[in-house]
> 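Please see the structure below; I have some questions.
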There are 2 protein chains.
Amino acid sequence: MERDVCQCNVIHGDVVQRVQKQMPDELPIYDVSELFRVFGDSTRARMICALRIEEMCVCDLSALLHMTQSAISHQLRILRSARLVKARKQGREVYYSLDDAHIGEIFSIAFDHVTEERKGESNVLSLS
Amino acid sequence: MERDVCQCNVIHGDVVQRVQKQMPDELPIYDVSELFRVFGDSTRARMICALRIEEMCVCDLSALLHMTQSAISHQLRILRSARLVKARKQGREVYYSLDDAHIGEIFSIAFDHVTEERKGESNVLSLS
DNA sequence: TAAATATATGAGCAAGTATTCATATGAATA
DNA sequence: TATTCATATGAATACTTGCTCATATATTTA
């Protein structure tokens, strides 16, 4: 029963049932949120933005983003294990680049979203 | 100077400079990562998936997702303050629905991504 | 008006996380 | 071979966060 987790009565049983039938499976939803969780840190987001432009080594990323090599390396490990970046070793340097076509697309739409959002906000402000 | 945060020398000054010029501004990157951070929780992701299908009240969401009304309400507050859902009050019930066209699009691509990712993984496994 | 009901919210806690520091690894060079 | 340099990583820590519990608010109903 849902009763033991939801203190209130189920008001619209039909709605709940309909949505339940159309909901995606648990696992892909979990995977999607996991993907977004990785995107949801500004350091990693900046790294992805940088790597969208050009392949870079750890040291250059570190300099570009004004962060310690260690911090960058730790974050790269997270991006690597999420299969979002790939590493190419050349001598003692390691070059990183984006490993997926979707990433750029998702980021583009997200940028559109926040840009329009800001425009909307400024309109609201100018009206008040 | 970048030297004080990056222990190593800047190996490719030209690359760093090029990327620096093409990088998006700090603020929109922060906003984008903030957006993803909100998506990056499986409870909120499930709520968004549900609301993509149909407008729902708090109680129904609570029943659908097997979570307490309080937990759902707290998460709705986060989604609301990120302007991702809008609320419509009718009597003592509050109906929530998605407040943005981009959300669905972003989720669709993300679902494509994780689906292909899983396919790729199973290929890798079948080869080993 | 009093009770019941749907939702919102503050405080507290347990779990997770981003960074730093110290150090390991492995490749190039003197 | 010893040293230097780029990168990786474990441990510690400060900070964040999602949930629970208790309670407040607001609307309906008896």
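Below, all heavy atoms of this structure are taken into account, side chains as well, without hydrogens, waters or symmetry copies. In what follows, chains carry the letters A, B, and so on, assigned in the order in which the sequence lines appear, proteins first and then strands, with residues in each chain numbered from 1.
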> Taking only N and O in the side chain of B:S70, is any of them less than 4.0 Å away from OP1 or OP2 of D:dC19?
no

> In Å, rounded to the nearest 0.5 Å, how long is the span from CG of A:L51 to CD1 of A:I103?
9.0 Å

> State plainly whether the residues B:K119 and B:E116 are in salt-bridge range, i.e. N to O under 4.0 Å.
no

> Could you state the CG-P distance from B:L65 to D:dC19, rounded to the nearest angstrom?
10 Å

> Let's test this: given Watson-Crick or G-U wobble pairing with both distances under 3.5 Å, identify the partner of D:dA26.
C:dT5

> With hydrogens left out and only the distance checked, is there a donor-acceptor pair under 3.5 Å joining A:H74's side chain and the base of D:dT7?
no

> Rounded to the Å, how far apart are A:E34 CD and D:dG18 P?
13 Å

> OP1 or OP2 of D:dT17 sitting under 4.0 Å from any side-chain N/O of B:R37?
yes

> If you look at every strand shown and take non-hydrogen atoms under 4.0 Å, does B:Y95 touch a base, only sugar-phosphate, or nothing?
nothing

> Using whole Å, what does the distance between atom P of nucleotide C:dA6 and atom CZ of B:R92 come to?
6 Å

> Over how many whole Å does the gap from A:I78 atom CD1 to C:dT17 atom P extend?
8 Å

> Let me check something: do B:I53 and B:Y95 share a hydrophobic cluster, defined by ILVMFWY side-chain heavy atoms less than 4.5 Å apart, either directly or through other members?
no

> Quick one: B:Q75 CD to D:dT16 P, roughly how many Å, whole number?
17 Å

> So does A:T68 get a side-chain nitrogen or oxygen closer than 4.0 Å to the phosphate oxygens (OP1/OP2) of C:dT20?
yes

> Pick the nucleotide of DNA chain D nearest each of B:I11 and A:R77; which residue has the one closer to the 5' end?
B:I11

> Does A:Q90 or B:E93 map to a spot on DNA chain C nearer the 5' end, using the closest nucleotide for each?
B:E93

> Roughly, in whole Å, what's the span from CG in A:L76 to P in D:dT9?
11 Å

> Hey, are A:H113 and B:D100 close enough side-chain-wise for a donor-acceptor pair under 3.5 Å?
yes

> Using modelled atom types and a 3.5 Å cut-off, is there a donor and acceptor pairing between side-chain atoms of B:D60 and backbone atoms of A:H12?
yes

> Can you tell me the distance, in whole Å, between the CE atom of B:M67 and the P atom of D:dG18?
10 Å

> Ignoring backbone atoms, establish whether B:Y96 has a side-chain N or O less than 4.0 Å from OP1 or OP2 of C:dA6.
no

> Using only heavy-atom distances, decide whether a donor-acceptor pair under 3.5 angstrom links the side-chain of A:Q69 to the base of D:dA8.
yes

> Would one find a side-chain N or O of A:R44 under 4.0 angstrom from OP1 or OP2 of C:dA18?
yes

> Distance check needed: D:dC5 P versus A:D60 CG, whole Å only.
16 Å

